There are 2 protein chains.
Amino acid sequence: MTRKPAAKAEVMTIREMCAAYDVTPRTLRFYEAKELLSPIREGTRRLFTRRDRARLTLILRGKRFGFSLEDIRQTLDLYDRDGSDAAQRQRACEIARERLAIMEAQRAELDVAIADLKAELAASATNTATQRGTAPSHAAE
Amino acid sequence: MTRKPAAKAEVMTIREMCAAYDVTPRTLRFYEAKELLSPIREGTRRLFTRRDRARLTLILRGKRFGFSLEDIRQTLDLYDRDGSDAAQRQRACEIARERLAIMEAQRAELDVAIADLKAELAASATNTATQRGTAPSHAAE
DNA sequence: CGTTACGCTGACGTTAACGTCAACCTCTCT
DNA sequence: AGAGAGGTTGACGTTAACGTCAGCGTAACG
C-alpha cells in the first residue's frame, strides 16, 4: 500500500514508454537489440527502468545532434559507472571528451550558420521589398 | 580583353572539388541528381561554379547539423534569389525561418547537453580519483 | 468460453545516402 | 598507335534505422 521511495513501481511498460517519449515499440525493441537499452523481463514482457529512461533521453538527444546509435552507445557507458571497471571508465571518458569537443565545435558552427541564415533572411526581406538585389555574400568553410 | 588570370578558378573539375571539399565524385554526382548542385557541362564533363561551391558548403554544413538532403535542398533556394519568383522566395523564407527556429532550439539543447556531459565527466573524474588516487590531469572549465 | 488488447519474436521491406563496379568516351603524351 | 589519366553513365550493393506484417502467447473481460 505504501509506496517505497523510488524503488519498485518505477518501471514502465512498452506502451507507456512509447507515449512518454513518442517512439514506437519497434524502436525500443530495436534499441534493446543494439544494446542501448536493457529492460528487465517479466516473463516475456519488457519493463523499462528509470535507467532505461535516462538512457533513452540521452539517445534521443544524441540523435538530434546527428550522432549515430553506435556513437551514442559508446558515450552512454560514461553515464552509468556501475558494472564497468576502471579501464572501461577511462575509455568512456576519452570518448566523452572527444564527443564534447565535437559538440563544442558544432555549437560554434551552429552560431555561424544561424547568423548566416539570419543575414540571408534579412537580405531576402529587403530584396523582396526593393525587388532589386545586391551581390550574394558567402563565407566559405 | 581576355579573362583575368585570377578569375581562372571560376570553375572547378570534379577532382578539384573532391580535393577541396573532401567528398567523392559519386557524392557530387549524387547531389546533382538530387538537384542540389547544377554544374555546367563542357561536353559531357561537369564544371562546378562558385555557386555550386557555395551550395556545397551549405550542404555539408547542413548535414553536420543532422538535416536531410531534402531539408537542405529546400533551404538552399533562399540563398539564390535569381530564377525564383516572389512566391517561391516567400516560401523559401518561411522554410528558412522554420529551419532557423530548429537550429536555435538545437543550440539551446546543445548547451544543455554540453553542460551535462561536462558534469558527468567531472563526476567520473572524482570517482576515478577517489577509487584509485589518479588525479584529474585536465578538466574542462 | 471466445474475443479483445497488449506483447513477443522472426523475417522481410523501405528510405537515405552514398559505395562499387563495369563499360565506355576522350584527351594527352610518348 | 597504344597507354593512361580522368571523366561519364547505368546498375546493383550496402549500411543505418527503423516500418510492416504474420504468427503466436497470455491475461483479462464479458
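Naming: A, B, ... by sequence-line order, numbering from 1 per chain. Since this is a predicted model, take the numbers as computed values, not measurements.
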With a 4.0 Å limit, can you tell me whether [X] has a side-chain N or O closer than that to the phosphate oxygens OP1/OP2 of [N]?
X     : N      : answer
A:T24 : D:dC18 : no
A:K34 : D:dT15 : no
B:T13 : D:dG7  : yes

In whole Å, I'd like the distance from the [atom1] atom of [X] to the [atom2] atom of [N].
X     : N      : atom1 : atom2 : value
A:I14 : C:dT9  : CD1   : P     : 9 Å
A:D71 : D:dT15 : CG    : P     : 17 Å
A:M17 : C:dC8  : CE    : P     : 12 Å
B:F67 : C:dT15 : CZ    : P     : 23 Å
B:L37 : C:dC18 : CG    : P     : 11 Å
A:R46 : D:dG25 : CZ    : C1'   : 14 Å
A:E70 : D:dA17 : CD    : P     : 9 Å
B:E42 : C:dT26 : CD    : P     : 13 Å

With a 4.0 Å cut-off, would you call [X] and [Y] a salt bridge?
X      : Y      : answer
A:D52  : A:R46  : no
A:K34  : A:E70  : no
B:R107 : B:D111 : yes
B:E42  : B:R45  : no
B:R89  : B:E94  : no
B:E104 : B:R99  : no

Item to check | Pairwise distance CD1(B:I72) to CG(B:D77) - rounded to 0.5 angstrom | outcome: 12.5 Å

[X] side chain: which of [options] is closest?
X     : options               : result
B:R45 : D:dG25, D:dC18, D:dT8 : D:dT8
A:R15 : C:dC18, D:dG7, C:dG7  : C:dG7
A:R41 : C:dC8, D:dT8, C:dA17  : C:dC8

Item to check | Members of residues 25-32 of chain B that approach DNA chain C, where some heavy atom sits under 4.0 Å away | outcome: B:R26, B:T27, B:F30, B:Y31

